[in-house]
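As the structure lists them, so they are numbered: ligands from 1, and atoms in each ligand from 1. This one's a predicted model, so the numbers in the text were calculated from it and none came from an experiment.
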Amino acid sequence: MSGVKSNELRIVAFLCNWCSYGGADTAGVARATQPTDLRIIRVPCSGRVDPLFVMKALFNGADGVLVSGCHPRDCHYSTGNFYARRRLEVLKHFLPILGIDPGRFEYTWVSASEGERWKHVVTRFTEQIHALGPAPRFDDADTMTSVVQTALSPIAPLRCGESNLESIKSCIRDRLQSVDCVLGWKMGRDALHTVPYCIRKEADLDELVVGPTSVHNLANYLRDHRGKKTGILVKGCDAKSVVELLQEKLIRREDIVILSYPCTGTFDMARVEQDLGRYQTLDAVSMTETALCVTADGKEHIFPIEQYAQSKCYFCTERMAQLSDYAFGAADTPKDKAAPKDTPPELALLDSLSLPERMAFWKTNMERCIRCYACRNSCPLCVCRDYCISDTRDPHWTTQNDTSKEKLFFQVIHSLHLAGRCTGCGECQRSCPVGIPILALRQHIARTIRELFAGYEPGTDPNAVPPLLGYAAEEQSIKEREW
Ligand code: FES
C-alpha cells in the first residue's frame, strides 16, 4: 500500500494468473493508458479468492477491491470461477449490512488476450471508486447512542403450555438400552435456568426438563458423540441444525435418534434476568398457559412469553421438526407462513439504517465484545473450532488488538463461513454475554442465499447440496458482470 500518490486511492485487485493477469500484461505491453491506483495480487485462479481476502483488504484500508478471473467456462481449472462467482456475489450483498458501499467491490472476467477490455475494466472501476471517494474507516466511524426497537408480534401464538413431558420420558425410557445417551435439558443453577443434559440411565429422567426455558440447541453436542448411537430432543429450529450436520456428513443418520416436540416458544432469558434484577433467593418458578411466574426475594414477577420470547420465536414457521424418529404432539400452524422470513427484528432494524449508521451500529456494539468466543462455541455448525482460523498465527487473520474492527472481523469470518449453512437457530446471539445482535449478520446472508438460490433454506433437506458447495454454469439469479 506504500507509494500511493496524493490523487490516488487504494485499490486492490486479485487477478487470476491464467487470464486476467495476462490481460493486464497485454494492456501493459500495448502501452494502454490506465489509472495507476490499482495494486495487483496474482492468484492461481479466481476460485482461490476467499471472500475474506476482500474483507481483509477493505477492513485494512483499501478503498476498493476488484477480483477478475477467466470468463465462465474458460477457467484453467474448469470450475474455479463458477464457485468464485457464487461466493463473490454473496459477498457483494453482504457488504452493505456492515455499512460498506457495495460499489467498493466488483468482480469480473477478463481473458489474457483482452488487453483493451482490461483497460476498460480498470478505468471504469477506478472512476467508480473515485466517485465514492476514500472509504470511511471503521476506526473513525461515529458511535451510536440508541436505536429504536420495534415491538414484535408473533405469527403464531406463543405459549408456555404442556410439553408432553411424561410421553417424552416414557419414550426415552424404552430406548435407553439401544442408545449411548439421550441429549436433553435439566435444571441449572436454579429452577429458572436449564442446562444441557446427557441422559444415560432411567434415574436421570427424573431431572429432565422440557419447555420454554429449554433454550439450548443440543445439536451442538452431536459431534462430540460421533460414532455413538445418540438420542436428541429437538425443537423445530434445533432439528434444522441436525439436518444440516447430516447434509454436511458430519454425523451419520444411523447414529442419531431424533425425538421432536412441538415448541411453543422459548424465553429470552437475558431479558428475563435483566428485568428480574439481582435476587438473593429464588422462592418459586411456575408456568401458566401464557407466562412465566417467578417469585424472588418474596416478590412475584410475571413474564408473558409474548413479550419475553427469543426474537427468532416470533417469526418461527418450523415449530416442529421436519425430520424426526419420534414426535410428541403437533405444532400450531402460523397465521402466515410466507411473510415473516424477510424481516427478523435484528435485520429489520439494520435495514432501516443508512450505511454510515450501520457502521456506527457495529462499532458501538462491538466495543462491548469481550472476545469470549461463546458465539463460536455455541454454534452447531462452527465445525473447525479445533483449527479455527481466528486462532491461527499463520496466516494471521485477527490480531489480539482490543478494537471494534478486530472483533467485528471475527464476526465477518464466522458469518461468511456460515453462508448457506446457518439455520438461524440464534445460539450465537443467545450465548453472547453482552447481548450483541450478531444474528443479524447471519440473517442477512441467509436472506441473500434465499434470493440468489431459489429460496434455498439450510437444514431442510438432508440430501441437498449447500449452494456455496456447488455451482451452475448458467446462474439464474446472478447477472454476469459485463463491464
Ligand atoms: Fe482463471 Fe480459474 S484459472 S478463473
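- Arg442 and His414 share a side-chain donor-acceptor pair at under 3.5 Å.
- Put simply, Cys75 gets within reach of atom 2 (Fe) of ligand 1, with an N, O or S atom under 2.8 Å from it.
- Atom 1 (Fe) of ligand 1 lies at 2.8 Å or more from every N, O or S atom belonging to Cys45.
- Residue Cys16 has at least one heavy-atom neighbour below 4.0 Å for each of these atoms of ligand 1: 1 (Fe), 3 (S), 4 (S).
- In this structure, a donor-acceptor pair under 3.5 Å is present between the side chains of Glu106 and Gln128.
- With a heavy-atom cut-off of 4.0 Å, Cys19 does not touch ligand 1 at all.
- Annotation for ligand 1: atoms under 4.0 Å from non-hydrogen atoms of Trp18 are 3 (S).
- Each of the atoms 1 (Fe), 3 (S), 4 (S) of ligand 1 lies under 4.0 Å from some heavy atom of Cys70.
- A distance-only check finds no donor-acceptor pair linking the side chain of Lys363 to the backbone of Ser404 [under 3.5 Å].
- The Tyr77 neighbourhood of ligand 1 comprises atoms 3 (S), with distances under 4.0 Å to a heavy atom of that residue.
- Within a 6.0 Å radius of CD in Glu254, other residues, nucleotides and ligands contribute more than 12 heavy atoms.
- Under a 3.5 Å cut-off, the side chain of Arg358 and the backbone N or O of Leu353 do form a donor-acceptor pair.
- Side-chain rings of Tyr373 and Phe410 approach one another, their centers coming within less than 6.0 Å.
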